[in-house]
Amino acid sequence: MIRRWLSQTLAVSALSVRTIPQRASSSAVAMIGIAGVVIVFVAVLSIGEGFRAAMTDASAPDRAIVMRTGADSEMTSGLPGPEVQVVQQAPGLLRVNNRPIASAELYVLVDLNKRSTGTPANVPLRGIGAEALEVRNEAHIIDGRMFQFGTNEAIVGRAANRQFAGVDLGSEFMSGNLRLRVVGIFESNGSVGETEIWCDSHLIQGVYERGNSYQSVLAKLDSPAAFDTFKNWLTSNPQLNVQVQRESDYYAQQSQVMSSLIRGIGYTIAVLMGVGAVFGAILTMYTAVSTRTREIATLRALGFNTVSVLISVLAESLALAAIGGVLGGLTAYLAFNGYQTSTMNFQTFSQVAFAFRVTRTLMIQGLSYALLMGLVGGLMPAIKAARLPIATALRQL
Amino acid sequence: MKYFPLIWRNLLRRKVRTIFTLASVFIAFVLYSFLMVVQNAFSMGVEVAGVDRLVLMHKVSLIQLLPISYVDRIRRTEGVTHVGHSTWFGGTYQDKATQFAVMAVDPAYFQLYPEARIPQDQVQAWLADRQGVIVGRTTATRYGWTIGDKVPIQATIWQPKQGNTWFFNIDGIYDADRGFDTSNFFFHYEYLDENRRGAYGLVGWYVLRIDDPSRAADVAARLDAQFANSSAETKTSTEKAFLQGFVNQVGNIKAIIISILAAVLFTLFLLVLANTMAQSVRERTSELAVLKTLGFSNGLVLGLVLVESILMALLGGGLGLAITYFAVEGGSFNNALLPVFIMRSRDIAIGIALCCALGVVAGAFPAMTAMRLRITDALRRT
């Protein structure tokens, strides 16, 4: 019984799917419509995904960032030199030969022109301490050499070098009274650090009139588990007025506004477009049902049951949606994956370079969304087909 | 117009098809409007920037501060009629970074922005209250603040001498026409400067009004020359250029919006409408032949099909534009990060033009088929 029902359903479904080419132009409407939605959905969300990845992927669980209490970013923080020295004595901090692996840093902005548009952009300039590259062990020089502390040399992140003009290897640039010479290009796992320019922190203290003060300390811990010891010691120390965050939490928080903005806009567009594409799919399936009225009525007259007719229409709609979904996902991948760009992070007003990331999850989401559209779009026409009164339908033509 | 009933009847011939086509076109234009609103929001008020206002900031970057002593030198500069200054405060409210811009300004600041409408007695109250605040309507409504309320804000950049919290009194609420940001929170610079722990006598940026907008470039050059070779060199630009600078930093939003729009209009509008029109003409082959037999000219048949297509485009698209317009006017999109949500009349005009143009494109091929139809062939086919 069940087997007969199954074979009926399969036979009718195969028939509808196989005859799709006969209804090419109207099928294309549904297919391209759904593909369009998937392209836009995947593309917009790949921007958000790329931004999030650039901001958070390179952060390590055994790193902590220390800033002044209340500061919402390095930009707004300030730590006097004596406090930095206290921070460097904290337990839980990694020490090599009794030397604390922590870098006291300054974070300011310089004006550089974007290569793509020639318009000025706020590029972060980070003054780092001697231990900075030991703290960030993923960062390494890919061209040129590391700068020498005590000179006006600087190294430039790979993404900053790609996005902004005037910071090529060997060139000199001015920012206010600060003249920096680029002696190296570094990479750091495609993270936000690659949008930055690094130089000696004392250089920035001088030119930006910061005296003996810093903005943050990036510390490497003994182990990820040492975080609580480190944090509790610092926050309960009456000499200090600081807050301590895991690096990953800090960057997740820094990317939150922008990521949720992109997601909000992306989902709104995707939902609206999806509704539109469902209307297109309904139209296509109604057309399919009405051109096949006689065929469907004949099947019914031959004894095929209503449910298998209903499923066959849904199968056709889902097949169209699946083709559209795969097509859309692949197009988005080929067109946008890895596309390099930069934007301003609203939370610090500084530039972040990133690449669009069409991930597998996004493509699966896109395909699932396509199938959902196909299902919803096919439902009403399928019911109509199943309910077709055989006698009138056969007489009609 | 006498053919209108004929066209209308054709639309009603297959109601389901017409309804779903209209629905698809409708959604396409809801999306069009939404994208325009997003684009306007990202343009951050560049369109409504005052032509007679200049912004003077530190040459290196906006985060560098300028001495307050510049105010007199700026005021004495030829061509400058008003000057005020503003300092970014940031802050945290209710454990989140403030969802509105908090700025410390001098008493003259509001004279520079006649767009902000504040009752005179509220201005007086603000001037008399050291901890006073004038806040925009959007933010006041969002947090349910009324005049007389006390608002605590945690420091991010500027720590007070005692503790970590600043206390403010709401003295006034400003309104403005659509397009002008009504989410800002303004308090007295003096209160900030007396109570912060350093950086005394420094301000964020100056805003000034000039008497002749056509000489903006001259005045800006004169100002920057005045402060050249000082410890704080300046960069003066028109308010429009200043805001445009921010917009450029965010990236090429316009290109993204236009690409999305192209995808939307092609898939939801052009493709669907063209398919519907093609089906409709195919079904009516014999009918069109009869019309021609009755003496309808080729041109008239072409026109009938085209008008039908345009009519559908305008019905669906127009409704989409109208509904989004009223939703935006009702303020249902308001968002903290991008406070200015408007649909300009230009967006609507372009929308309607797009409807017509796409209606013509969608109907063109079927209309040509209808026009070229030879009576004998068409009648024989049935």
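Protein chains get the first letters and strands the later ones, always in sequence-line order, with residue 1 at the start of each.
- Side-chain contact between B/V38 and A/I265: present, with at least one pair of heavy atoms (C-beta onward) separated by less than 4.5 Å.
- With respect to chain A, the highest number of heavy-atom pairs below 4.5 Å among B/A23, B/A263, B/G245 belongs to B/A23.
- Within 6.0 Å of atom CZ in A/R179, 12 or fewer heavy atoms from other residues, nucleotides or ligands are found, so the atom counts as exposed in its surroundings.
- The two residues A/S26 and B/Q279 have their closest heavy-atom pair at CB-NE2, 3.8 Å.
- Using a 4.5 Å cut-off between heavy atoms, B/Q154 makes no contact with chain A at all.
- Options B/T267, B/I260, B/V250 differ in how many heavy-atom pairs under 4.5 Å they form with chain A, and the most are formed by B/V250.
- When heavy atoms are compared at a cutoff of 4.5 Å, B/A155 approaches chain A solely by way of its backbone atoms N, CA, C and O.
- Contact count against chain A (heavy-atom pairs under 4.5 Å) is highest for B/I63 among B/I63, B/I253, B/V272.
- The aromatic rings of A/F349 and B/W88 stand perpendicular to each other, their planes meeting at an angle above 60°, with 30° marking the opposite boundary.
- To the nearest 0.5 Å, atoms CD1 (A/I282) and CZ (B/R17) are separated by 15.0 Å.
- Of the two parts of B/L35, only the side chain, counted from C-beta on, holds a non-hydrogen atom closer than 4.5 Å to a non-hydrogen atom of chain A.
- Neither the backbone nor the side chain of A/N345 comes within contact range of chain B; no heavy atoms are under 4.5 Å apart.
- Considering every non-hydrogen atom in both B/I27 and A/L272, the closest pair reads CG2-O, 3.1 Å.
- Heavy atoms of A/V29 lying under 4.5 Å from chain B belong to its backbone as well as its side chain.
- Contacts of A/L178 with chain B are absent, with no heavy-atom separation under 4.5 Å from either backbone or side chain.
- Neither the backbone nor the side chain of A/M174 comes within contact range of chain B, judged by heavy atoms closer than 4.5 Å.
- With a threshold of 4.5 angstrom between heavy atoms, B/I256 approaches chain A through side-chain atoms but not through N, CA, C or O.
- Between A/S25 and B/R282, the closest heavy-atom pair is OG-NH2, 4.4 Å.
- Using a 4.5 Å heavy-atom threshold, the side chains of A/M380 and B/F20 count as touching.
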Q. Stepwise, does the side-chain contact (heavy atoms from CB on, under 4.5 Å) test hold for A/M273 with B/V264?
A. CA-CA 7 Å; A/M273 269 193 95; B/V264 167; 3.6 Å; yes
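- A salt bridge is absent between A/D111 and B/K59: the closest approach of a Lys/Arg side-chain nitrogen to an acidic carboxylate oxygen does not fall below 4.0 angstrom.
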(Q) Checking B/F42 against A/L261 for the side-chain contact (heavy atoms from CB on, under 4.5 Å) test, could you report, in this order, the C-alpha distance in whole Å, the side-chain angles of both residues, the deciding distance, and whether it holds? (A) CA-CA 11 Å; B/F42 271 105; A/L261 179 74; 3.6 Å; yes
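- Listed here is the closest heavy atom pair of B/Q249 and A/K114: O-NZ, 3.6 Å.
- Of the two parts of B/N164, only the side chain, counted from C-beta on, holds a non-hydrogen atom closer than 4.5 Å to a non-hydrogen atom of chain A.
- Residue-level contacts of residues 30-39 of chain A with chain B, in order of numbering, are A/I32, A/G33, A/G36; threshold 4.5 Å between heavy atoms.
- In terms of heavy atoms, A/G276 sits closest to B/S24 at O-OG, 3.6 Å.
- Looking at B/F26, there are no atoms closer than 4.5 Å to chain A (heavy atoms on both sides), in backbone or side chain.
- Each of A/I47, A/V108, A/T287 has some count of heavy-atom pairs under 4.5 Å with chain B, and the biggest count is that of A/T287.
- Residue A/S342 touches chain B through its backbone alone, counting heavy-atom pairs closer than 4.5 Å.
- At a 4.5 Å heavy-atom cutoff, the contact between B/L271 and chain A is made by backbone and side-chain atoms alike.
- Both the backbone and the side chain of B/T21 come within less than 4.5 Å of a heavy atom of chain A.
- The closest side-chain heavy-atom distance from A/I269 to B/L31 is below 4.5 Å.
- More than 12 heavy atoms of other residues, nucleotides or ligands shown are found within 6.0 angstrom of NZ on B/K161.
- Looking at heavy atoms from C-beta onward, A/M344 lies in side-chain contact with B/F246 at the 4.5 angstrom threshold.
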Q.
The test is side-chain contact (heavy atoms from CB on, under 4.5 Å); show your working for B/L268 and A/F279 and say whether it passes.
A. CA-CA 9 Å; B/L268 297 188; A/F279 292 143; over 6 Å; no
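- Counting only heavy atoms from C-beta outward, the side chains of A/M75 and B/I157 never approach each other to under 4.5 Å.
- For A/T341, no part lies under 4.5 angstrom from a heavy atom of chain B.
- Heavy-atom distances place no part of B/Q244 under 4.5 Å from chain A, backbone and side chain included.
- Other residues, nucleotides and ligands contribute at most 12 non-hydrogen atoms within 6.0 Å of the OH atom of A/Y339.
- When heavy atoms are compared at a cutoff of 4.5 Å, A/V352 does not approach chain B at all.
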Q. Checking side-chain contact (heavy atoms from CB on, under 4.5 Å) for the pair B/N275/A/L283: CA distance, chi angles, key distance, verdict?
A. CA-CA 10 Å; B/N275 185 51; A/L283 266 177; 5.8 Å; no
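- Once rounded to the nearest 0.5 Å, the distance linking CD of B/Q64 with OH of A/Y208 reads 5.5 Å.
- Residue A/S116: no heavy atom, backbone or side chain, is found under 4.5 Å from chain B.
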